[in-house]
Amino acid sequence: MDTKRWSVDKNVDNLTGYPQITQAADLLLNNEVVAFPTETVYGLGANALNDQAVAKIFEAKGRPADNPLIIHIADEAVVSDFVEEIPEKAKQLMKAYWPGPLTIILKMKEGVLSEKATVGLSTVGIRMPDHPVALALLQKTNLPIAAPSANSSGRPSPTTAEHVWDDLQGKISGIVDGGPTGVGLESTVLDCTEEIPVILRPGGITAQQIEEVIGKITVDPALLDSGQKPKSPGMKYRHYAPDAALVLVKGEREDIQRLIFEKQQEGLKVGVLTTEENEYFYQADKVIACGSRKNLDSVAGSLYDTLRNFNSADLDLILSEMFPDEGVGQAIMNRLVKAAGYRIISI
């Protein structure tokens with residue numbers, strides 16, 4: 001398959017009239033699959049009303065068939081076309097954080113959206129992305145677009161068009177290059193079908209920010225305990241993983257350095273995921289600083305690019321520092337724990 005690639009300046013006016021957007025929208029209207037930037041990561045979009053179009057997403061990514069897709073829209077008014085009701089708390093969150101990195105799960109109307117997108121569930125996750133290119137594409141198609149991250153399943157999510165190209169060139173019809181994404185981690189997924197909403201995936205909107213708007217929420221226990229069955233089917237799969245085995249390490253930097261030497265003496269090539277504060281402390285085969293501990297947003301924005309950068313070093317093992325499990329740190333640790341397959345050691 002010939003994968004087309006268009007560059008779009010997200011800062012220009014009237015993006016919906018640009019030929020690149022028109023060409024990409026035409027592919028989506030013809031039930032093809034197109035990658036595009038959002039404020040979180042690049043998404044892999046297809047017409048959420050058409051089974052054949054949605055099936056192409058699963059095929060291109062190698063995505064498990066029971067892993068539902070988030071539906072992207074450009075206008076809050078269309079939500080009622082797809083769901084039975086919009087609870088008051090959901091309305092408050094839409095007003096506060098849409099467009100933005102918050103996916104809200106609601107009870108779905110039957111027979112509207114592709115069953116392949118919702119994998120037979122009675123609920124659907126919907127969000128409005130906060131990116132001018134994404135919104136222009138959604139407005140041009142006037143369609144609900146099903147869009148998971150635009151990467152091969154299990155790999156780190158893409159934050160640049162080049163990441164998408166590396167994973168999916170020849171497997172999808174097009175890539176809209178709108179430059180690097182901003183947040184760097186996927187949207188927060190909040191189940192609003194319960195009386196007390198439940199976070200199924202931490203992301204760009206923190207639990208604290210949600211509670212500021214609607215009060216008490218809870219967190220799916222499976223986010224903290226790998227032995228628990230997750231409420232969201234997709235959360236049971238390993239995600240975001242680099243090629244080498246990733247292990248999270250609880251300990252001081254001196255302890256981590258001793259572990260590096262031990263593993264190197266065993267004949268392993270070892271990488272370290274750290275931050276700017278400790279970048280020059282470690283002696284390893286590959287050391288990459290992932291933002292600054294003083295600014296966890298910078299860690300979130302760099303995380304997936306960092307995980308991908310380790311792949312160029314032909315490593316056997318990557319040791320990662322831990323981060324505070326609060327605020328955006330909760331989302332960072334969620335991604336690292338999934339990438340590591342829950343491998344955490346204390347030293």
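In what follows, every heavy atom counts, from backbone to side chain, and hydrogens, waters and symmetry copies are set aside.
By the 4.5 Å heavy-atom criterion applied to side chains, Ile205 and Leu93 are not counted as neighbours. Counting heavy atoms from C-beta on, the side chains of Asp177 and Tyr42 come closer than 4.5 Å. The shortest side-chain heavy-atom distance between Met108 and Thr123 does not fall under the 4.5 Å cut-off. Contact annotation: the side chain of Lys263 approaches that of Leu317 to within less than 4.5 Å [non-hydrogen atoms, C-beta and beyond]. At a threshold of 4.5 Å between non-hydrogen side-chain atoms, the residues Thr40 and Pro129 do not count as touching. In this structure, the side chains of Val112 and Asp81 stay at 4.5 Å or more apart for every pair of heavy atoms. For the pair Val119/Asn67, no side-chain contact is recorded, criterion being any heavy-atom separation below 4.5 Å from C-beta on. Gln209 is not listed as a side-chain neighbour of Thr188, based on a closest heavy-atom distance of 4.5 Å or more.
Listed for the Asn311 side chain is a donor-acceptor partner under 3.5 Å among the backbone atoms of Asp243. Checked by atom type and distance alone, the side chain of Thr275 never pairs as donor or acceptor with a backbone atom of Gly291 at under 3.5 Å. Judged by distance alone, with hydrogens and angles left aside, the side-chain atoms of Asn47 form no donor-acceptor pair with the main-chain N or O of Asn31 at under 3.5 Å. Side-chain atoms of Glu84 never come within 3.5 Å of backbone atoms of Lys107 as a donor-acceptor pair (strictly under, hydrogens ignored). Side chain of Asp285 to main chain of Gly271: no donor-acceptor pair is present (N/O by atom type, distance under 3.5 Å, no hydrogens or angles). Using modelled atom types, one side-chain atom of Asn309 and one backbone atom of Asp305 make a donor-acceptor pair closer than 3.5 Å. Side-chain N or O atoms of Lys89 include none that pairs as donor or acceptor with a backbone N or O of Gly215 at under 3.5 Å.
Counted by atom type alone, Thr16 and Asn14 present one or more donor-acceptor pairs between their side chains at under 3.5 Å. A donor-acceptor pair shorter than 3.5 Å cannot be found between the side chains of Arg155 and Asn151. Glu162 and Thr160 share no side-chain donor-acceptor pair at under 3.5 Å. Side chains of Glu76 and Trp98: a donor-acceptor N/O pair is absent below 3.5 angstrom, by distance only. Ser292 and Ser298 form no side-chain donor-acceptor contact under 3.5 Å, judged by distance and modelled atom types alone. Counted by atom type alone, Glu321 and Thr274 present one or more donor-acceptor pairs between their side chains at under 3.5 Å.
Note that CG of Leu137 and CD of Gln20 are 11.5 Å apart. Values are rounded to the nearest 0.5 Å. Annotation: the span from Met94 atom CE to Leu106 atom CG amounts to 5.0 Å, rounded to 0.5 Å. Here the CG atom belonging to Leu49 is positioned 6.0 Å from the CG atom belonging to Leu113, to the nearest 0.5 angstrom. To the nearest 0.5 Å, the span separating OG1 on Thr206 from CD1 on Ile199 amounts to 8.0 Å. Residue Leu143 holds its CG atom at 11.0 Å from CD1 of Ile71, rounded to the nearest 0.5 Å. Considering CG of Leu138 and CG of Asp75, their distance stands at 10.5 Å, rounded to 0.5 Å.
A continuous path of hydrophobic side-chain contacts links Val8 to Leu28 [ILVMFWY only; heavy atoms under 4.5 Å]. Met1 and Val34 fall into different hydrophobic clusters, where Ile, Leu, Val, Met, Phe, Trp and Tyr are joined by side-chain heavy atoms under 4.5 Å apart, directly or via other members. Note on Trp165: it clusters hydrophobically with Leu168, by side-chain heavy-atom contacts below 4.5 Å among ILVMFWY residues. Taking hydrophobic clusters as Ile, Leu, Val, Met, Phe, Trp and Tyr residues chained together by side-chain heavy-atom distances below 4.5 Å, Met322 shares a cluster with Val328. A chain of hydrophobic side-chain contacts below 4.5 Å, direct or via other Ile, Leu, Val, Met, Phe, Trp or Tyr residues, connects Leu246 to Tyr342.
For Glu266, the CD atom counts as densely surrounded, since its 6.0 Å shell holds more than 12 non-hydrogen atoms of other residues, nucleotides or ligands. Open room surrounds CD on Gln52; 12 or fewer heavy atoms of other groups in view lie less than 6.0 Å from it. When the shell of 6.0 Å around CD of Glu88 is examined, it contains more than 12 heavy atoms from other residues, nucleotides or ligands. The local environment of CD in Glu115 is sparse, with at most 12 non-hydrogen atoms from other residues, nucleotides or ligands closer than 6.0 Å. Within 6.0 Å of the CD atom in Glu252, the count of heavy atoms belonging to other residues, nucleotides or ligands does not exceed 12. Counting heavy-atom neighbours within 6.0 Å of Asn142 CG, excluding the residue itself, gives a total of 12 or less. Dense packing is recorded around CD of Gln23, with more than 12 heavy atoms of other residues, nucleotides or ligands lying under 6.0 Å away.
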Using the side-chain contact (heavy atoms from CB on, under 4.5 Å) rule, take Leu273 and Phe310 through it: C-alpha gap first, then chi angles, then the decisive distance, then the call.
CA-CA 9 Å; Leu273 190 157; Phe310 278 114; 4.0 Å; yes
For Glu186 and Arg127, what are the C-alpha separation, side-chain angles and deciding distance, and is it a salt bridge (charged side-chain N to carboxylate O under 4.0 Å, His left out)?
CA-CA 11 Å; Glu186 294 86 351; Arg127 90 175 188 99; over 6 Å; no
For Ser320 and Leu248, what are the C-alpha separation, side-chain angles and deciding distance, and is it a side-chain contact (heavy atoms from CB on, under 4.5 Å)?
CA-CA 5 Å; Ser320 174; Leu248 308 185; 3.6 Å; yes
Residues Arg335, Arg201; criterion side-chain contact (heavy atoms from CB on, under 4.5 Å); working and verdict
CA-CA 10 Å; Arg335 302 319 193 268; Arg201 180 181 73 187; 3.8 Å; yes
Evaluate Leu69 against Ser114 for side-chain contact (heavy atoms from CB on, under 4.5 Å), listing each step before the verdict.
CA-CA 10 Å; Leu69 305 179; Ser114 164; over 6 Å; no
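When all heavy atoms of Ala241 and Ala339 are compared, the closest pair comes out as CB-O, 3.7 Å. Residues Ile73 and Leu135 approach most closely at O-CD2, 4.3 Å, considering heavy atoms. Taking every heavy atom of both residues into account, Tyr282 and Gln257 meet most closely at CA-OE1, 3.1 Å. Between Pro158 and His163, the shortest heavy-atom contact is CB-CB, 3.5 Å. Contact detail for Pro156 and Arg308: the closest heavy-atom pair is O-NH2, 2.7 Å. In plain terms, the two heavy atoms of Lys91 and Ile86 that are nearest each other are CE-O, 3.2 Å.
Among pairs with a residue in residues 10-32, those fulfilling salt bridge (Lys or Arg N to Asp or Glu O under 4.0 Å) read Glu32-Lys56, at least two apart in sequence or across chains.
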